[in-house]
There are 2 protein chains.
Amino acid sequence: MDIIISNASGEPIYTQIVTQIKTLILEGKLKEGDALPSMRNLAMQLRISVITTKRAYEELERDGFIESYTGKGSFVKAQNKELYREEQLKKIEAMLTEAADKAKRCSIPLSELQEILEIVYGGTES
Amino acid sequence: MDIIISNASGEPIYTQIVTQIKTLILEGKLKEGDALPSMRNLAMQLRISVITTKRAYEELERDGFIESYTGKGSFVKAQNKELYREEQLKKIEAMLTEAADKAKRCSIPLSELQEILEIVYGGTES
DNA sequence: ATAATGTATATATCGGATATACACATTAAG
DNA sequence: CTTAATGTGTATATCCGATATATACATTAT
C-alpha cells in the first residue's frame, strides 16, 4: 500500500486516498478479500487523523469497493464491474442530457453533437 | 423590465437578474440599443445594493449581452448569435469529452454513447 | 454646479467542505 | 476477563469561496 498524499495539490486528503485505492483495485493490484491498512495504521503512516482515513474508507464503502468490519478491519470487496458500469452510465447519461439541452437551446443539431462525440471519443488517450 | 427576485429560491440574487435579462434579450423582448434600468435604479426597485446589480451587469457584459458606459448607462448589445453559439459549443465539447473519458474507462463503446445521446436529445422538452 | 450614471476598494457574513480530538463499541487473542 | 487491536459516533475547529454590502470615487450630460 503505497499511498502518497500531497498537501500542495489542493486536492483534499481523503479524496487522494479514495482515488489511489480505487485505482489499485481497478488495476487488480488489490484483489477481493485483501486487507487494507487499518484506519489507524494508515493515519499514522500519513500523519493524519483517523477520522480522515475513515472518511476515505466510508466513501470507498459507499461506492462498493471495500467493506469494513468493526474490530476486524477493512477488506476489498468482490468487484462488481456490472454495478460500477451502471453507476458510471447514469452519470454519463446525466452529462449527455445536459449537453443535449444546451445544444437544443442554440439549435445545434443532433448530427453535430454526434460528430463531436465521435471525435472526442476517438481522440482521448486513456 | 419586470425583474422578479425570490429570496426563497436559494439562487443568488445576481444570478436571478442575469438569467432573467438574458432571457428577455434572447426572446427579443429587449433589443439592440435598448437601455437597461440603471444599476442604482434597479437596485432601488429590488431593494438590494448597487453592487449586486453591478455584479449582474458585469456578468452580462462578460457574456457579450450588454455594454455599460460610465455616466450614460447600460445598453443591450447587438446579439452576436454566432459568438454565443461558439461559446456554448465549447462547453458542450467539454461535457462530451468528460463523458467519453468516463465511458472509455468502463469500456462502454462509442455506439452506446451515440444511442444514449440520440435518446436524450429527442426526449428532452424545451 | 448638479444630478444622473458606472466603478473601485475594503469589509461583513454565511455555509459548505475539510480535518480534527476524544470517547465509545466491537472483535480477536492470550 | 483483560488487553490490544479494530471500526464508529458526536461535537468541534478552521478555512475558504460565494454572496452581498457601504462608502467613496470617476465620468458624462445638462
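Reminder, nothing fancy here: chain letters follow the sequence lines and each chain counts from 1.
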**Item:** Pairing of B:E58 and B:R55 as salt bridge, 4.0 angstrom limit
**Value:** no
**Request:** Whole angstrom is fine here: how far is it from CD in A:E58 over to P in D:dT6?
**Result:** 18 Å
**Rounded distance (Å) that lies between atom C1' of C:dA4 and atom CE of B:M44** = 13 Å
**Check ion pair A:E87-A:K90 (N to O, under 4.0 angstrom)** = no
**Complete:** One should read off an interatomic distance between B:I17 CD1 and B:L46 CG, to the nearest 0.5 angstrom, of 5.5 Å
**Asked** Should the pair A:E112-B:R85 be classified as a salt bridge under the 4.0 Å nitrogen-to-oxygen rule?
**Response** yes
**Side-chain donor-acceptor contact under 3.5 Å, B:E67 with B:Y69** = yes
**Request:** Nearest whole angstrom, please: distance from the C1' of D:dT8 to the CD of A:E59.
**Result:** 18 Å
**Item:** Euclidean distance, B:L24 CG relative to B:Q20 CD, rounded to 0.5 Å
**Value:** 7.5 Å
**Request:** Using whole Å, report how far CZ of B:F75 lies from C1' of C:dT5.
**Result:** 9 Å
**Prompt:** Across the strands shown, which category fits A:Y69 at heavy-atom distances under 4.0 angstrom: base, sugar-phosphate, nothing?
**Reply:** sugar-phosphate
**Message:** Can you measure A:L42 atom CG to D:dT6 atom C1' for me and round it to whole angstrom units?
**Reply:** 14 Å
**Message:** If you compare every side-chain N and O of A:S74 against the phosphate oxygens of D:dT6 (OP1, OP2), does one of them come in below 4.0 Å?
**Reply:** no
Might you list the N or O atoms of the protein lying below 3.5 Å from N or O atoms in nucleotides 20-27 of chain D, with each pair's distance?
from, atom 1, to, atom 2, distance (Å)
D:dA20, OP1, B:I13, N, 3.0
D:dA20, OP2, B:I13, N, 3.3
D:dT21, OP2, B:S49, N, 3.0
D:dT21, OP2, B:T52, OG1, 2.5

**Prompt:** Taking atom P of C:dT13 as reference, at what distance in whole Å does atom CG of B:N7 sit?
**Reply:** 18 Å
**Prompt:** In whole angstroms, how far is the P atom of D:dT28 from the CE atom of B:M39?
**Reply:** 15 Å
**Request:** Report yes or no: is the cationic atom of A:K104 (NZ for Lys, CZ for Arg) under 6.0 Å from the centre of the six-membered ring of B:Y121, at an angle within 45° of the ring normal?
**Result:** yes
**Request:** Examine C:dT7: is either OP1 or OP2 under 4.0 Å from a nitrogen or oxygen in the side chain of B:K54? Give yes or no.
**Result:** yes
**Asked** Counting only side-chain N and O atoms of A:S68, is one of them less than 4.0 Å from OP1 or OP2 of D:dG7?
**Response** no
